[in-house]
Trainee: 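Here it is, the structure in full.
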There are 2 protein chains.
Amino acid sequence: MDTTQRTDQQRSADRRRRELLEAADRVVLRDGPQASMNAIAAEAGITKPILYRHFGDKGGLYAALAKRHTDALLDSLRAALDAPADRRERVEATLDTYLAAIEARPQVYRFLMHPAEGSQPGDQGFDVGKHSAPLLRRMGEELAQVIEERLDLGPGGQQLARVWGHGIVGMMHAAGDWWLGERPCSRAELVRSLADLLWGRLAAAGDRVGGPGF
Amino acid sequence: MDTTQRTDQQRSADRRRRELLEAADRVVLRDGPQASMNAIAAEAGITKPILYRHFGDKGGLYAALAKRHTDALLDSLRAALDAPADRRERVEATLDTYLAAIEARPQVYRFLMHPAEGSQPGDQGFDVGKHSAPLLRRMGEELAQVIEERLDLGPGGQQLARVWGHGIVGMMHAAGDWWLGERPCSRAELVRSLADLLWGRLAAAGDRVGGPGF
DNA sequence: GACTGGTGTTACCGCAAGTAACATGCACGT
DNA sequence: ACGTGCATGTTACTTGCGGTAACACCAGTC
């Protein structure tokens, strides 16, 4: 009855939506995570209510915007994870891919790492947990899956893989965040140091003379 | 001339300040990180401007409040880190201390993990980097110091220790955050899994049959 | 008794999220 | 041609929060 018509409408709506997202992207890239809805609307050449019609609320826009970048980043990470090389090289390539991404577009990265800060006024029940950005969670889950698929971890391996997935992602994130702020070394050195950590150098290191050891 | 007087005033001011912080603490514990200045003032039985006189702005209150809890947590962590046991046990004790803390008071923990979200209106230059909560940074720095003091890491050891400090803290944080939300296992299991990761089991694990390995 | 300094108040500003109500253009069925 | 839907767009508003100005009270001091 109206399939073609609705398809037309939906297509135009989708196009509009993508345009709005690109405008939002530009603003976020310029203003960081505190980009206001007004600013985004202005950048898109329209006014606020249209944004709200398309995305519901700021969280919706955030989610849509985040999904784009998160998907893109995850694709890059998957590529690094699937490269034909030995395990250590793949780990280093994955770390380097992530760090290169946050280095290239720190504003976007900063935006992604913030959850929906101001919850709704009526939000009485606070969700305990779930403080992390969705990006971190998704990366953790994906990495966990890769680990579990490819490594033989014995009994309880699935759970171990999930812990490791989230743990490694958190390590990568925190180290990258700190590195981005202080730039204490080159990216390659950072990658090497983190891989060394994952490779057990912490456990293998000798005690310092006179000290009790760590 | 006015030393005693000023001391008196300062003492009373400090007492007020502590009372206000305790009130703020209660509100944060109840409402989470989005506790409003109004709510805190109401809980303290006063009105907003007094809070602003004592703490400058919301960031100041946040910082003061965060410092209390951060100091307390860091004390616990130092104690675990200094326990008379071997390295592995100390690492596990430290992880467990942190996880127990966030498990016991998730609201406070959530509050601590959020940086000053809404920057000032006039804040044009966004600080790239420095997205992490001060708590994470401080834990990372302290752990780095402990590692560097106690472990013999050879040349470049100081930098390596800093990377590891922040990396390990990030691992702990992200895994803890995820665990707090999903509760997929007991705290002890989580601690063991993370320690295993740090102990190089990722590098040592065998490839899965038929797979390319990780 | 006037002066000072800290504590407290009410009433306001500015800004951003989110909403209502109204206007406009375009495809349809009759 | 013409009203009917419907998406798109607007202006103008409400609400709530961070932050501030201006005024009131109440010690102790010269």
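Both backbone and side-chain heavy atoms feed into the values below; hydrogens, waters and symmetry mates do not.
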Trainee: Of all the choices, C:dA16, D:dG18, D:dG9, which nucleotide is nearest to the side chain of A:I46 once you look at every atom?
Mentor: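 The nucleotide sitting nearest to the side chain is D:dG9.
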Trainee: Just N and O in the side chain of A:T47: are any of them under 4.0 Å from OP1 or OP2 of D:dG9?
Mentor: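 So the side chain of A:T47 is outside the cut-off, no N or O lying under 4.0 Å from OP1 or OP2 of D:dG9.
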Trainee: Can you check the B:H54 NE2 to D:dT20 C1' distance for me, whole Å?
Mentor: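 Value for this atom pair: 17 Å.
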Trainee: Whole-Å distance between D:dA12 P and A:N38 CG?
Mentor: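 Spelled out: CG on A:N38 to P on D:dA12 is 14 Å.
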Trainee: Under a 4.0 Å N-O cut-off, is there an ion pair linking A:R150 with A:D82?
Mentor: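 Yes, A:R150 and A:D82 are salt-bridged.
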Trainee: Give the angle between the helix axes at the two ends of the helix from C:dG1-D:dC30 to C:dT30-D:dA1, taking five base pairs at each end and rounding to 10°.
Mentor: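 It comes to 30° between the two terminal axes.
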Trainee: For B:R53 and D:dA21, give me the distance from atom CZ to atom C1', rounded to whole Å.
Mentor: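 In whole Å, D:dA21 C1' and B:R53 CZ are 11 Å from each other.
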Trainee: Whole angstroms only, please: what is the CD-P distance between A:E19 and D:dG9?
Mentor: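 Rounded to whole Å, this separation is 9 Å.
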Trainee: Between the side chains of A:E92 and A:R192, is the shortest nitrogen-to-carboxylate-oxygen separation below 4.0 Å, so that they form an ion pair?
Mentor: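 Answer for the salt bridge query: no.
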Trainee: What nucleotide, of D:dA21, C:dT19, C:dG18, holds the atom closest to the side chain of A:K48?
Mentor: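 Looking only at side-chain atoms, A:K48 lies closest to C:dG18.
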Trainee: With a 4.0 Å cut-off on heavy atoms, is A:R16 in touch with a base, just the backbone sugar-phosphate, or nothing at all?
Mentor: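 Sugar-phosphate: the residue A:R16, judged by heavy atoms under 4.0 Å, touches backbone atoms but no base.
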Trainee: Is a salt bridge present between B:R162 and B:E148, judged by a nitrogen-to-oxygen distance below 4.0 Å?
Mentor: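 No, B:R162 and B:E148 are not salt-bridged.
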Trainee: Does this structure show an ion pair linking A:E22 with A:R18, if we count only N-O contacts that are shorter than 4.0 Å?
Mentor: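 Here A:E22 does not pair with A:R18 in a salt bridge, since their nearest N and O are not under 4.0 Å apart.
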Trainee: Starting at CH2 of B:W164, measure out to CG of B:L143 and round the result to the nearest 0.5 Å.
Mentor: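 Nearest 0.5 Å value for the CH2-CG distance: 11.0 Å.
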Trainee: Counting side-chain heavy atoms from CB outward, which of C:dA20, C:dG18, D:dT20 is closest to B:P49?
Mentor: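 Output: D:dT20.
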Trainee: In whole angstrom, give the distance that lies between atom OH of B:Y62 and atom P of D:dG18.
Mentor: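 Rounded to whole Å, this separation is 15 Å.
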Trainee: Give A:S36 one of three labels, base, sugar-phosphate or nothing, depending on what nucleic acid heavy atoms sit under 4.0 Å from its own.
Mentor: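 If one applies the 4.0 Å heavy-atom cut-off, A:S36 turns out to touch the sugar-phosphate alone, with no base involved.
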